[in-house]
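In this chain, numbering begins with 1 at the start of the sequence shown.
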Amino acid sequence: MRSRYLVKTLVMFSAAVLMSSSAWAQATKSWSAPRTPWGDPDIQGRWPANDMQGTPYERPESFGTRATLNDKEFAEREAARERQVRADGEVYVPQGQRAGIGGPSHWSAGERGNPQRQASLVVDPPNGRIPPMTEEGKKLFDRARSTYYYDFPDAVVAHPFETFEDLGPYDRCITRGVLASMLPTAYNMGTEIMQVPGAVVIRNEMIHETRIIPVDGAPRISSKIRSYMGDSRGHWEGDTLVIETINFNGKVGITRNGNTLLTSADLKLTERLTRVDADTLIYEATVDDPRTWTRPWKISLPLTQHPEYQFFEYACHEGNYAMRNILSAERAAEKTAPVSGTTSQP
């Protein structure tokens with residue numbers, strides 16, 4: 001984990017927040033998107049999501065359909081960011097301010113970007129809230145398995161750690177899934193886009209996922225082949241890259257780095273990427289999973305290009321002592337449990 005302080009701001013920021021790609025196109029119609037040597041819109045670059053860190057998935061209910069922060073709310077978000085930056089700069093823990101054996105804040109600091117006015121990542125429904133789950137979706141939610149139970153007890157149901165399958169795919173260093181890999185998180189938020197004739201390559205820094213997306217009309221693989229990242233195919237609609245992904249295995253979620261809010265194998269994810277000026281890429285994703293939610297819903301956010309951004313190795317498996325320790329701790333707890341045969345709960 002390491003901190004980077006990125007200083008570039010979003011171009012035309014006040015107009016950017018929560019704009020759709022079409023609205024952006026109107027606002028920047030004097031700008032002409034560059035082309036690759038073979039004629040496709042050029043969306044290549046490094047587009048980390050740092051500036052959107054701190055923007056919640058869902059909007060506070062009190063906002064209603066208001067999609068942006070007012071001046072007071074934005075000032076509070078900026079002040080919170082400044083407090084965190086000061087804490088990250090601590091060399092020693094100020095005496096009397098922290099109990100226990102924890103070190104300075106920067107020992108576990110994430111990456112900090114520039115606060116944004118966008119009120120939530122979810123932009124549709126208009127209230128910025130994820131729609132209600134179906135009955136089957138609620139059962140999927142209840143079946144979620146993750147170490148995040150400890151940090152976010154409302155996110156998953158309490159469960160014993162009997163086997164490795166009682167840890168989520170992110171805990172096990174497998175994947176964060178397509179959508180979670182594109183969204184802001186604590187650190188390692190880099191996304192790099194590369195293009196070759198007939199394909200677009202999207203590389204994510206965390207869990208080092210790489211998607212090679214055909215844009216030449218190549219046929220899909222068999223629906224019998226299912227995976228965490230699904231089967232993606234893309235096409236161009238004007239200057240917008242549209243990616244449709246299906247054939248998911250139903251074993252990865254959308255929130256908490258893919259550990260929670262599980263989706264079903266019927267999920268269809270439609271992503272739209274539109275470069276609206278030299279340094280801004282609008283990313284939109286529509287989640288359509290009728291087995292899990294009562295209606296489709298959409299996330300949107302601007303990504304800022306940072307050519308200086310460096311990707312770091314994400315050596316997850318090499319340092320993943322958590323799995324062994326969690327499972328061994330559960331076995332130790334079982335030895336001290338009552339003889340009734342019940343398994344201890346975390």
Compare every heavy atom of Trp47 with every heavy atom of Ala278, then report the nearest pair and how far apart it is.
O-CH2, 4.3 Å
Are any side-chain N or O atoms of Arg59 and backbone N or O atoms of Pro126, one a donor and one an acceptor, separated by less than 3.5 Å?
yes
Side chains of Arg46 and Arg203, heavy atoms from C-beta outward: is any pair under 4.5 Å?
yes
Does Thr55 reach the side chain of Pro184, with side-chain heavy atoms less than 4.5 Å apart?
no
If the condition is side chain to side chain contact (heavy atoms under 4.5 Å, CB included), which residues does Arg35 pass it with, not counting sequence neighbours?
Ala33, Pro41, Asp239
List the atom of Trp297, the atom of Pro125, and the distance in Å for their closest heavy-atom pair.
CB-CD, 3.9 Å
What residues form a salt bridge (charged side-chain N to carboxylate O under 4.0 Å, His left out) with Asp124, not counting sequence neighbours?
Arg295
Whether the side chain of Tyr309 engages the backbone of Pro48 through a donor-acceptor N/O pair (distance < 3.5 Å, no angle test) should be reported.
no
Flag the pair Gln118 / Pro302 as yes when at least one side-chain heavy-atom distance between them is below 4.5 Å, and no otherwise.
yes
Not counting sequence neighbours, which residues clear side chain to side chain contact (heavy atoms under 4.5 Å, CB included) with Arg226? List them please.
Ser223, Asn247, Asn249, Ala265
From CA spacing to verdict: side-chain contact (heavy atoms from CB on, under 4.5 Å), Arg272, Glu237:
CA-CA 9 Å; Arg272 300 177 66 88; Glu237 293 183 2; 3.2 Å; yes
How would you list, by chain and number, every residue that makes a side chain to side chain contact (heavy atoms under 4.5 Å, CB included) with Lys224, sequence neighbours excluded?
Ser222
For a quick test of reading the model, state the closest non-hydrogen atom pair linking Tyr57 to Ile254 and the distance between them.
OH-O, 3.0 Å
Check whether any side-chain heavy atom of Met206 lies under 4.5 Å from a side-chain heavy atom of Tyr170, and answer yes or no.
yes
Is the closest side-chain donor-acceptor distance between Glu205 and Tyr314 under 3.5 Å?
no
Would you mind listing every side-chain hydrogen bond (donor to acceptor under 3.5 Å, both in side chains) that reaches into residues 172-183, with sequence neighbours excluded?
Thr175-Glu209, Arg176-Asn257
Return the set of residues passing side chain to side chain contact (heavy atoms under 4.5 Å, CB included) with Thr36 (not counting sequence neighbours), or none when no residue passes.
Trp38, Asp40, Asp42, Gln44, Gln195
For the pair Glu244 and Arg233, find out whether any cationic side-chain nitrogen is under 4.0 Å from an anionic carboxylate oxygen.
no
Run through the side-chain heavy atoms of Ile, Leu, Val, Met, Phe, Trp and Tyr, join any pair under 4.5 Å, and report what else lands in Ile225's cluster.
Ile221
Quick one: are Leu121 and Pro56 in side-chain contact, heavy atoms under 4.5 Å?
no
Test question: given the 4.5 Å side-chain rule for I, L, V, M, F, W and Y, name all other residues clustered with Tyr228, or answer none.
Ile174, Val252
For Asp216, check salt bridge (charged side-chain N to carboxylate O under 4.0 Å, His left out) against everything at least two apart and list the hits.
none
Residues which pass salt bridge (charged side-chain N to carboxylate O under 4.0 Å, His left out) with Lys72, listed by chain and number, not counting sequence neighbours:
Glu76
Under the salt bridge (charged side-chain N to carboxylate O under 4.0 Å, His left out) rule, collect the residues that match up with Glu61, sequence neighbours excluded.
Arg129
For the side chain of Ser328 and the backbone of Arg324, is there at least one donor-acceptor N/O pair under 3.5 Å apart?
yes
Can you tell if the side chain of Glu73 reaches within under 4.5 Å of the side chain of Phe63, non-hydrogen atoms only?
yes
Report yes if some heavy atom in the side chain of Arg275 is under 4.5 Å from a heavy atom in the side chain of Leu303; otherwise report no.
no
Check: Thr255/Thr260 side-chain N/O donor and acceptor closer than 3.5 Å
yes
When you check the gap from the basic side-chain N to the acidic O, do Lys138 and Glu135 get nearer than 4.0 Å?
yes
Applying side chain to side chain donor-acceptor pair (under 3.5 Å), name anything that partners Glu313, two or more places apart in sequence or on another chain.
none
Begin with the C-alpha distance, continue with both residues' side-chain angles, and end with the deciding distance and a verdict on side-chain hydrogen bond (donor to acceptor under 3.5 Å, both in side chains) for Thr191 and Asn204.
CA-CA 5 Å; Thr191 291; Asn204 302 117; 3.2 Å; yes
Any Arg211 side-chain heavy atom under 4.5 Å of Ile243 side chain
yes
Would you check if the side chain of Gln305 reaches a backbone N or O of Leu281 as a donor-acceptor pair within less than 3.5 Å?
no
Given the rule in the salt bridge (charged side-chain N to carboxylate O under 4.0 Å, His left out) test, do Lys298 and Asp288 qualify, once you have shown the distances and angles that lead to the verdict?
CA-CA 9 Å; Lys298 184 169 78 171; Asp288 187 358; over 6 Å; no
Would Glu162 and Arg331 satisfy salt bridge (charged side-chain N to carboxylate O under 4.0 Å, His left out), going step by step from the backbone distance to the final call?
CA-CA 8 Å; Glu162 303 284 6; Arg331 303 292 80 75; 3.5 Å; yes
Going through the distances and angles, do Leu267 and Thr292 end up as a side-chain contact (heavy atoms from CB on, under 4.5 Å)?
CA-CA 9 Å; Leu267 169 66; Thr292 305; over 6 Å; no
Between Thr274 and Val276, is there a donor-acceptor pair closer than 3.5 Å when you use the side chain of the first and the backbone of the second?
no
